[in-house]
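Each remark here refers to the structure printed beneath this line.
Chain naming here is simple, since letters A, B, ... match the order of the sequence lines and numbering starts at 1 in each.
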There are 2 protein chains.
Amino acid sequence: MPTTSNQQPISSPAIILVRPQLGGNIGAVARAMSNFGLSDLRLVAPTNGWPNEHAYDMATVSAAPILDAARIYESVGEALSGIHFAYATTARQRHMEKQVFEPEDAMRDIRGHLAEGLACAIVFGPERTGLENDDIVRCDAIVTIPTGSANSSLNLGQSSVVLGYAWHRSGEVTSPARPAQSQPPAAHEETEAFFSQLEGYLDTLNYFRTPEKKPLMWQNLRNIFLRAQMNEQELRTLRGLVRDLYKRRPLKP
Amino acid sequence: MPTTSNQQPISSPAIILVRPQLGGNIGAVARAMSNFGLSDLRLVAPTNGWPNEHAYDMATVSAAPILDAARIYESVGEALSGIHFAYATTARQRHMEKQVFEPEDAMRDIRGHLAEGLACAIVFGPERTGLENDDIVRCDAIVTIPTGSANSSLNLGQSSVVLGYAWHRSGEVTSPARPAQSQPPAAHEETEAFFSQLEGYLDTLNYFRTPEKKPLMWQNLRNIFLRAQMNEQELRTLRGLVRDLYKRRPLKP
């Protein structure tokens, strides 16, 4: 039985809404979650505060418990705590070196991870702007909903319905578990600790040269390491390697 | 080429909303239609009249032409004029001797009819009550959206998104290849050049401690980087990073 560290079984992905603006949209997401068997709702800095009566209006009675249990976070990083695989939803091409899934494939991927006891999350951005690149780089993969039209986009409620539906459908067929890695991937906070260490060294070395260049350079670097999906032991190894490279260099003669 | 009686090609099913109550819901349906390549909207006796500004508010600019072109009818029978196969959407079991489709199967069925030049429609009922039996009996089949929960139902906007999405997906014969990485993975010899550089630094630092430990440690390290499947640019970036960490360390004061 898959379990988190506190021994609760993980049976479905968390839904993370980043800086949602309208309570009605939060309620619409909760309603879709209720319809399709999802329950773990996490809100990052909702613009109009929380709780929000418009959310309850839209959610209807059946989804109110999901809103009652929603957890509030100040940052995407905090909301991703304990999550092993995060999927960023975005309609636009972001030109990042991350795997891009269509909904059904993403859900099969998620079910594979859950079957190994690894927590997953689907991350949605603010209504108008979508996820910022800084948020997307924290995620392991991208989910894009194919539409028939290039110049129209799904709103938050619509997107959550499509992904909820894809989630429910993916559970109606048995998907083969992927070959188990000998150790599970590290949780996000452990990966972030490695990134903090590396970023500190690189800043000290003036590696990024100019503040303007840093965001893209650092994003590209993070994506390389995220793609490797390191487990805890590997992360420790890499932290030691980076530290040794930086600190244990033999003194010049 | 499939044609209607007036010789226009039929490429998608009509969407018929029976006695819709809220303009916002009509707009949500139009928006979903726009997103997923549907265009023929028919309204049967909309409760709050027509046109309805709330519909336009919800539809956004991209779906406004669908609302502009919507046709208004007084009865379901009139709206079904010219339609060969009508599919009634309903969540409840109606105990009618009609074929019940899930969304994907319904869309395949519809595409088969369209290919033969036969017009099709998907019929939605009023928000609160759904389709009446008198309306359903006029239809040829039933479409039901499977949800994970017995006591929750999809609203009109949500249902139209699921069916629109299923329509769009049914038209994709083969799932489109995921967007190619902007650059192909680097050739093996380039990866090996990075490994040689890194190994040289680590040997100099006595990172592996003992010759006996090195083979397994080095293999584990290589596996981390190999899993990332770096392209040439990323490899150059990582070589620069490792070199900078090793060589450009600021001197101790």
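- Using a 4.5 Å cut-off between heavy atoms, A:Y165 contacts chain B through its side chain alone, with no backbone atom that close.
- Heavy-atom pairs under 4.5 Å with chain B were tallied for A:N155, A:L221, A:L202; the largest tally goes to A:N155.
- When each of B:Y201, B:Y207, B:W167 is scored by its heavy-atom pairs under 4.5 Å with chain A, the top score falls to B:Y207.
- Only the side chain of B:I145 comes within less than 4.5 Å of a heavy atom of chain A; its backbone N, CA, C and O stay farther away.
- Heavy atoms closer than 4.5 Å to chain A are found nowhere in B:A63, neither backbone nor side chain.
- Closest approach of B:F36 to B:H168, counting heavy atoms only: CD2-CB, 3.8 Å.
- Contacts of A:A32 with chain B are made by both backbone and side-chain atoms, with heavy-atom separations under 4.5 Å.
- Heavy atoms of A:L238 lying under 4.5 Å from chain B belong exclusively to its side chain.
- Taking 4.5 Å as the limit, every side-chain heavy atom of A:N220 sits out of range of all side-chain heavy atoms of B:T237.
- With respect to chain B, the highest number of heavy-atom pairs below 4.5 Å among A:V242, A:L198, A:L241 belongs to A:L241.
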Inset, instruction - List the steps and the verdict of salt bridge (charged side-chain N to carboxylate O under 4.0 Å, His left out) for B:K214 and B:E199. - result: CA-CA 10 Å; B:K214 179 177 172 182; B:E199 186 179 11; 2.7 Å; yes

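- The pair B:E190-B:R239 does not count as a salt bridge, with every side-chain nitrogen at least 4.0 angstrom from each carboxylate oxygen.
- Salt-bridge annotation for B:E232 and B:R236: present, with a side-chain N of the basic residue lying under 4.0 Å from a carboxylate O of the acidic one.
- Between B:R169 and A:E102, at least one side-chain nitrogen of the basic residue sits less than 4.0 Å from a carboxylate oxygen of the acidic one, meeting the salt-bridge criterion.
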